[in-house]
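Labels below follow one simple rule: chain letters A, B, ... track the order of the sequence lines, proteins then strands, and each chain is numbered from 1.
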Amino acid sequence: MINPVENVKKTIQEALEKALVILREEGKISFNTIPSYVVEVPREKVHGDFATNLAMVMAREARMAPRQIASLVQGIIVEKNLLALPCEKIEVAGPGFINFYLKPQWLYDVLVTVLEEEENYGRSNLGQGQKVQVEFVSANPTGLLHMGNARGAALGDTLASILEWTGHEVTREFYINDAGSQIENFGLSLEARYLQALGHDVPFPEEGYHGQDIIDTVHRLIQEVGDSYLQLSPAKRREKLVEYALKEKLQAIRDSLSRFGVEYDVWFSERTLHETGKVAEVVKLLGEKGYTYEKDGAVWFRATAFGDEKDEVLVRANGIPTYFAADIAYHKNKFDRGFERVINIWGADHHGHVRRMKGAMAALGYNPEALDIIIMQLVRLFQGGEILRMSKRTGQYVTLDELMDEVGRDAARYFFIMRSADSHLDFDLDLAKKQSNENPVYYIQYAHARICSIFRQLAERGGKQEVLKGEALRNLLAEGVLQEEAELDLLRHLAFFPEELVLAARELAPHRIARYTLELAGLFHSFYNAHRVIGVEEKLQAVRLALVRGVQVVLQNALAVMGISAPERM
RNA sequence: GCGCCCGUAGCUCAGUGGAUAGAGCACAGGACUCCGGAUCCUGGUGCGCAGGUUCGAUUCCUGCCGGGCGCACCA
């Protein structure tokens, strides 16, 4: 649970603030409060290991030129030795930055930490055990999973992992839309296919589900029950057909997601909310709080009271509650189960739903801030330069399984994780198939395989295979054996892993980890091409083996977060 | 018309209130008799346009232009 970067930043902050207090006591500077400032790693290495904008943001408060403040602070830190870190030099630069050039000591400590914590390196307690639910995919169980669902699955699962790594108690949940009008429609489609399969010339509903998959489902059912459903009333017949098909579809969805590396803790049925009266209950509750009214025979929710453009129907004139009503009941249930934070991943086509959902939570007395809805932009599928429309109705879509058949699970996951949820994703099928070997995930995995290969080589040559750790490693590093730029760059990147997870958790941004891992792999490949590990001088080989082992550990951890395998050979 | 997202290199995309804006692909050239060449190294007139806030804006705000998606008693 060590975050090296955070520790250094804190140490620098302490020095800065002590310096300011001393300067004020000496009457050299005046201020009431220290404005918020940052200690960060500069983009350019020539600007030091860490830098702060403190002097610039203090300028107004202290009524003094930024560079002058910076000089005073820098001077007093050096003079009184306020910084509790081995430091090369502290400089004032540019418009008033204070740049800290640290001795590589802190980077050496990082390596000791990584090898100490191993598969736990990166974990933190940011969340302090907060109970978080991540609900994602929640595809209609009337068809197979398409590319949009796949993106949601990769993002949701990775986000859940990131939250786990940062000290949250996470539940992954899938909401099964097994009620409502699309189920009615599903039943009508199944019925038509059933009758057609038995030789009846009946029309197929225009708005029905045209996919081949439900024809197959019906044929399997007929193997079991034959034409016995012809005797049933249409309503009963549809109910039986839906029951059978839903079970089958749901199993297929579970299997696909499982194959994609996604395992849910909870599968939550919408139908149960209706059957247990929870939907009616929540409508009543909203009424009691004064947020509903009747118009044209329907019950409406006052979404406009929460900034929405218009109100929304909860119960139709025919007495059947809407999807929205059920979803409110579902979200109430989430909070009632004790989740302190609820995160949903929705497709961009549902973004209009966000404000009223939050409004409904506020109306029920829950904190709408505890509900985070990540809007994921849609996936546009191209083939041969043309857009393929994805639609369950027409049955024309590429499924998650087909995608995995084409490019494999690792590449598919990485492809979705590497882009921010905000970006519109154009997926060129031809390109994805053709370039599957050019997917960056292989670049990362290759770095890992190469490291494994180093250890294999070492074994074959009969060399010492155990990697130095703890004090022995610390002592050897203290001799300054690791000096190369490429080595220090790698250590610096390893240092950032815990911080990167914290940022990804705060920003709910899984793509940060994809990027981080790619950069780490790149730094390793550069190092590998420039320097040898095996066959160099004994001490150097020992510390380089430790370094390479450290990289391996972090690659494994990062890949684990993303649900991607770390192959030993490729 | 209203709302949300996006507009960064030829293409696909990262990125940040700061000091010289990055990566992959594509293109051109080059690399160890040695740990895996699925690698590395070298090569770049780019933040849609116009205002505003700020010591400082590609980043924040407003308007405009362009693209995607919503705006059902569907989900």
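Using a 4.0 Å cut-off, no side-chain N or O of A:Y442 falls inside it from OP1 or OP2 of B:A38. A sub-4.0 Å separation between OP1 or OP2 of B:C2 and a side-chain N or O of A:K310 is absent. An OP1 or OP2 oxygen of B:A38 is reached within less than 4.0 angstrom by no side-chain nitrogen or oxygen of A:Q445.
Contacts of A:E309 classified as salt bridge (Lys or Arg N to Asp or Glu O under 4.0 Å), with partners at least two apart in sequence or in another chain: none. Checked against ring-ring contact (aromatic ring centres under 6.0 Å, His included), A:Y414 has no partners two or more places apart in sequence or in another chain.
In this structure, A:F324 places its CZ atom 14 Å from C1' of B:A72, rounding to the nearest Å. Note: CZ (A:R356) to C1' (B:C4) measures 12 Å, nearest angstrom. Nucleotide B:A75 holds its C1' atom 15 Å from the CG atom of A:N344, rounded to whole Å. The CZ atom of A:F524 sits 13 Å away from the P atom of B:C35 (whole-angstrom rounding). Per the geometry, NE2 belonging to A:H531 stands 15 Å off C1' belonging to B:U39, to the nearest Å. The separation between A:E312 atom CD and B:G3 atom P is 18 Å, rounded to whole Å. Regarding A:E207, its CD atom lies at a distance of 13 Å from the C1' atom of B:A72, rounded to whole Å. Distance NE2 (A:H525) to P (B:G37): 10 Å, rounded to an integer number of Å.
Listed by first and then second residue, the salt bridge (charged side-chain N to carboxylate O under 4.0 Å, His left out) pairs involving residues 540-550 of chain A are A:E118-A:R549, A:E487-A:R544 (not counting sequence neighbours). Sorted by first and then second residue, the pairs that involve residues 507-524 of chain A and meet salt bridge (charged side-chain N to carboxylate O under 4.0 Å, His left out), not counting sequence neighbours, are A:E500-A:R512, A:E507-A:R512. Residue pairs that meet the ring-ring contact (aromatic ring centres under 6.0 Å, His included) test with at least one member in residues 521-556 of chain A, sequence neighbours left out, are A:Y443-A:H525, A:Y446-A:H525, A:F524-A:Y528, A:F527-A:H531. Judged as a salt bridge (charged side-chain N to carboxylate O under 4.0 Å, His left out), not a single pair has a partner in residues 59-70 of chain A (not counting sequence neighbours).
A salt bridge does not link A:R355 with A:D308: every distance from a Lys NZ or Arg NE/NH1/NH2 to an Asp or Glu carboxylate oxygen is 4.0 Å or more. Under 4.0 Å is where a charged nitrogen must lie from a carboxylate oxygen, and between A:K334 and A:E173 no such pair does.
Backbone-only engagement by A:A348 is indicated by non-hydrogen atom pairs under 4.0 Å involving sugar-phosphate atoms exclusively. Within the nucleic acid shown, A:D308 has no heavy atom closer than 4.0 Å to any nucleic acid atom. Contacts of A:A449 with the nucleic acid, taken as non-hydrogen atoms under 4.0 Å apart, include base atoms. No engagement by A:H448 is indicated, since no non-hydrogen atom pair under 4.0 Å with the nucleic acid exists. In this structure, A:R512 reaches the sugar-phosphate backbone alone: every heavy-atom distance under 4.0 Å involves primed, P, OP1 or OP2 atoms, never a base. When heavy atoms are screened at a 4.0 angstrom cut-off, A:D178 is found touching no nucleic acid atom at all.
Stacking of A:F97 onto the six-membered ring of B:A19 is present: less than 5.5 angstrom between centres, less than 30° between planes.
Between A:F306 and A:Y291, the ring planes are tilted. Angles from 30° to 60° get that label. Using bins of under 30°, 30° to 60° and over 60° for the plane-to-plane angle, the ring pair A:H353/A:Y323 lands in the tilted bin.
Interface remark: the A:H351 side chain does form a donor-acceptor pair with the B:G3 base, using a distance-only criterion of under 3.5 Å.
Distance from the side chain of A:R380 is smallest for B:G68 among the nucleotides B:C73, B:A75, B:G68.
Remark: A:R419 qualifies as a cation-pi partner of A:F415 under the 6.0 Å distance and 45° angle criteria applied to the six-membered ring.
Contacts between residues 44-52 of chain A and RNA chain B, defined by a heavy-atom separation under 4.0 Å, are made by A:E44, A:H47, A:A51.
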Distances under 3.5 Å between nitrogen or oxygen atoms of protein and nucleotides 41-46 of chain B:
{"from": "B:C41", "atom 1": "OP1", "to": "A:S526", "atom 2": "OG", "distance (Å)": "3.0"}

Are any protein N/O atoms closer than 3.5 Å to N/O atoms in nucleotides 63-65 of chain B? If there are, list each pair with its distance.
none

At a cut-off of 3.5 Å, list every protein nitrogen or oxygen paired with a nitrogen or oxygen from nucleotides 53-58 of chain B, distance to 0.1 Å.
{"from": "B:C55", "atom 1": "OP1", "to": "A:R60", "atom 2": "NH2", "distance (Å)": "3.1"}

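Summary of the strand contacts: A:V533 and A:G297 both lie near RNA chain B, and taking for each the nucleotide with the nearest heavy atom, the more 5' one is attributed to A:V533. Position along RNA chain B of the nearest nucleotide to A:A521 versus A:E270 favours A:A521 as the more 5'-ward residue.
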Per-nucleotide protein contact string for nucleotides 6-14 of chain B (B base, S sugar-phosphate only, - none; heavy atom under 4.0 Å): S-----SSS
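Nucleotides B:U54 and B:C41 place their C1' atoms 42 Å apart, quoted to the nearest Å.
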Nucleotide pairing, RNA chain B (Watson-Crick or G-U, distances under 3.5 Å), in dot-bracket with [ ] and |: (((((((..((((....[...)))).(((((.......)))))....(((((..]....))))))))))))....
